[in-house]
Amino acid sequence: MSLKFWKPGTTGPGSSLDRDTEVEGNVVQSAPAYTSLSVQSQRERLPIFKHREKLLYCVEKYGVTIVVGQTGCGKTTQLPQYLMEAGWASDGNVIACTQPRRVAATSVAGRVASEVGTTLGDEVGYTIRFEDVSDKQKTRILYMTDGMLFRETLVDPLLSRYSVIMIDEAHERSVYTDLLLGVLKKIRRKRPSLRLIVSSATLDATSFLEYFTASMPEDEATIVSLEGRLYPVEVAYLKEPVADYTRKAAELSLDINLKQGPGDILVFLTGREEIENCLEYLSDMLPTVPRNATRLVPLALHAGLTTEEQLAVFEPAERGTRKLIVSTNIAEASVTIEGIKFVVDSGFVKIRVYNPTTALASLATVPTSKASATQRAGRAGRTSPGICYRLYPHEAFEALPPTTPPEVTRTDLTTPILQLKSLGIDNLMKFEWVSAPPAESVLRALEGLFAAEMIGEDGRLTAVGQKVAECPVEMAIARMLFKSKEYQCGEEVLTIAAMTAVQDAFVIRDGAQGALDELERRKFTAEEGDHLTLLNAYNAFTRYGRSSSWCKNHALSFRAMSRAVSIRGQLKKYMQRFNLPIESCQGDAKRLRRCLVSGYWRNGAKWVGDGTFRSVRGNKVLYAHPTSVLFTRKPRSGWVIFHEIEETKKTQIRVITEIESDWLIEQGHRYEGKGSGSVGSTEQ
DNA sequence: GAGCACTGC
């Protein structure tokens, strides 16, 4: 089970290290400096304190300050406090700091509130969807999700209550981060007093600098680099590429356990299936492990687990044991586990890619970027020096792309473009993207918006388009909320809209329990398909007192169901604001399904004899997702609409409802081109 | 008979 690693740079193949040595003799390269500091008290401010005056000077002098500092160097917690002390929050001004994720916004706000010595929600607060723990008068430092701040621009286009806006974790390049940067650049032209801080953990921050200085004066923007306390992480590479990194990861973990000192191990793989395989290899190999070895406690970590299962990875390892966490990318940025000393990096990640030509999203397994590999390695050095083992050769690392392409270049732009138009940015050619999306994606989105009557032939928003842009749901869902007036089923469509927004309402466990869960789920099954099944589940949830134990007994996720209740409440307010009646269809499922088609009319499919479907647009072979009630059943009419489509190994459709083919024709098939498998031509 | 990287409003 010996693994070949070699030292890059100074020694290559053929050197003294190029032999079948064990891992421990071969971990070498001094890593770039990884920051491990987490600032918890006033006393620990030092690492960025020495930059304090420089930072404040830069914010004062330049419109845009780009701050580069590793995760945990204190920029997120300390910088807003310095700005407040320096007077940037006086005269009712607010300092905003955006985060790509909800948990980050809430937890950072909590920490800063206690550092400042205030109650959370007073001087320091946070705003995320469904939770506004801030005070319009008192709050000076406001942490928020970037989506939330972007939404605020729809109401206050100049974001006038803020004196400084810090866009944190900008290197992650979420769609909303990119949209915000574009809008903020525009806002700064009209309001030059607004100070912008773009904070990034990677050195590609120069691209942000170029972005802001491209069409502005040279002294508009500057970069400040921060340092933190460092724990070195050594990086080792495989000499040869491996065919099966999942097995190699298992072997290496056992090897580390035998030969290295204490410290937990974190393995990065791409998905649930690989994680389960890796854990299986491990249990197969365990009999070969010497009896005196440290006991390894293997733990899986991925988003599909329940909260309780996820919490297990944070429990400290028992005395004399070592945790082995086999994780997806969730542990790269979303979740931080202390005590990791060894990282094993497969070098791969699954990302969602959008193909604008086919309008299909797919989940692809691709090599990570250099930035991502660095971030993963850094997970070994948070509490002490560590080692990162990359399961690929050094040359392969050199060949990696520097960063992952920003999300805006690989996603469906329908919603972002609708929102930009709502902001009055009609000429998309003039919008200054940080990274321009493919022209094809923009065209595809415009075409979809036109077909759905959200924009007119002049490219401007229609009256309904303006309203739909304000609704925090996908266009198709918003469209059926508006059409529900016609079909008199607002009550039910509202619920379905909320249920499709939360994913994984049903919790089907593995193994024998899964069969029982399956039986529970059948109690909610509606003949017509998944949308009505979701409606049944929601109604039952509210009828039985919204209880957590009831959910447990009926294979439902309490967390998901509670979220659906919140979302429904929020959407109901939008409907009331737009004077849309909230009437019940009184059990008339036909009317309700016709209303569903008004949103999903472009997502039609026809059942063919072999159990698969063909898409109305493009005549593509589609498979029902195994979680669908139509997975095994033939729809009587032969026609369905679906909520989602995704390519993995097969092209699958999820959340499916049976319809009549002429309902599709009612809803504007006129927009579809000839020869693309129109309803008429596929009908027998 | 069989499956889901991660977010966000």
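The sequence lines fix the lettering, A, B, ..., with proteins before strands; numbering per chain opens at 1.
- Using a 4.0 Å heavy-atom cutoff across all strands shown, A:Glu646 reaches no nucleic acid atom at all.
- Residue A:Ser199 comes nearest to A:Met166 through the heavy atom pair CB-CE, 4.0 Å, listed as atom of the first residue, atom of the second, then distance.
- Between the P atom of B:dA5 and the CG atom of A:Asn329 lies a distance of 11 Å, rounded to the nearest Å.
- In this structure, A:Pro472 and A:Gln570 approach most closely via the heavy-atom pair CG-OE1, 3.7 Å.
- A:Arg479 places a side-chain N or O within donor-acceptor distance of the main-chain N or O of A:Ala452, the cut-off being under 3.5 Å.
- Using a 4.0 Å heavy-atom distance criterion, A:Phe150 is classed as making no nucleic acid contact.
- In terms of phosphate contacts, A:Gln570 brings no side-chain nitrogen or oxygen within less than 4.0 Å of OP1 or OP2 of B:dC9.
- In this structure, A:Lys650 places its NZ atom 7 Å from C1' of B:dA2, rounding to the nearest Å.
- For A:Arg102, a side-chain nitrogen or oxygen approaches OP1 or OP2 of B:dC9 to under 4.0 Å.
- Look at CD on A:Gln652: it is 8 Å from C1' on B:dC4, rounded to the nearest Å.
- Residues A:Arg410 and A:Gln419 both approach DNA chain B. Their nearest nucleotides, taken by heavy-atom distance, put A:Arg410 toward the 5′ side.
- Among the nucleotides B:dA5, B:dG1, B:dC9, the one closest to any side-chain atom of A:Phe631 is B:dG1.
- One interatomic measurement links the two molecules: CD of A:Glu518 to P of B:dG3, which rounds to 14 Å at whole-angstrom precision.
- Atom pair A:Gln310:CD and B:dT7:P shows a separation of 8 Å (rounding to whole Å applied).
- At a threshold of 4.0 angstrom between heavy atoms, the contacts of A:Ser174 with the nucleic acid are absent.
- A close approach under 4.0 Å does not occur between any side-chain nitrogen or oxygen of A:Thr145 and OP1 or OP2 of B:dT7.
- Checking B:dG3, B:dC9, B:dC6 against every side-chain atom of A:His625, the shortest atom distance belongs to B:dG3.
- Picking from B:dC4, B:dC9, B:dG3 the nucleotide with the shortest atom distance to the side chain of A:Asp504 gives B:dC4.
- For A:Arg151, the side-chain atoms get nearest to B:dC9 when compared with the rest of B:dC6, B:dC9, B:dA2.
- The heavy-atom pair separating A:Leu142 from A:Ser134 by the smallest distance is CD1-CB, 3.6 Å.
- If you measure from atom CD1 of A:Ile128 to atom P of B:dC9, you get 7 Å, rounded to the nearest angstrom.
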- Apply the test salt bridge (Lys or Arg N to Asp or Glu O under 4.0 Å) to residues A:Glu274 and A:Arg247: give CA-CA distance (whole Å), side-chain angles for both, the deciding distance (0.1 Å), then the verdict. CA-CA 9 Å; A:Glu274 282 182 11; A:Arg247 176 177 279 277; over 6 Å; no
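- Separating the CD atom of A:Glu274 from the C1' atom of B:dA5 is a distance of 11 Å, rounded to the nearest angstrom.
- OP1 and OP2 of B:dC4 both lie 4.0 Å or more from every side-chain N or O belonging to A:Thr627.
- A:Arg101 comes within 4.0 angstrom of sugar-phosphate atoms only, judged by non-hydrogen atoms across all strands, and of no base.
- OP1 or OP2 of B:dG3 has not a single side-chain nitrogen or oxygen of A:Thr648 nearer than 4.0 Å.
- Counting to the nearest Å, the P atom of B:dA5 and the CD atom of A:Glu273 are 9 Å from each other.
- Judged purely by atom type and a 3.5 angstrom limit, A:Thr409 has no side-chain atom pairing as donor or acceptor with the backbone of A:Pro405.
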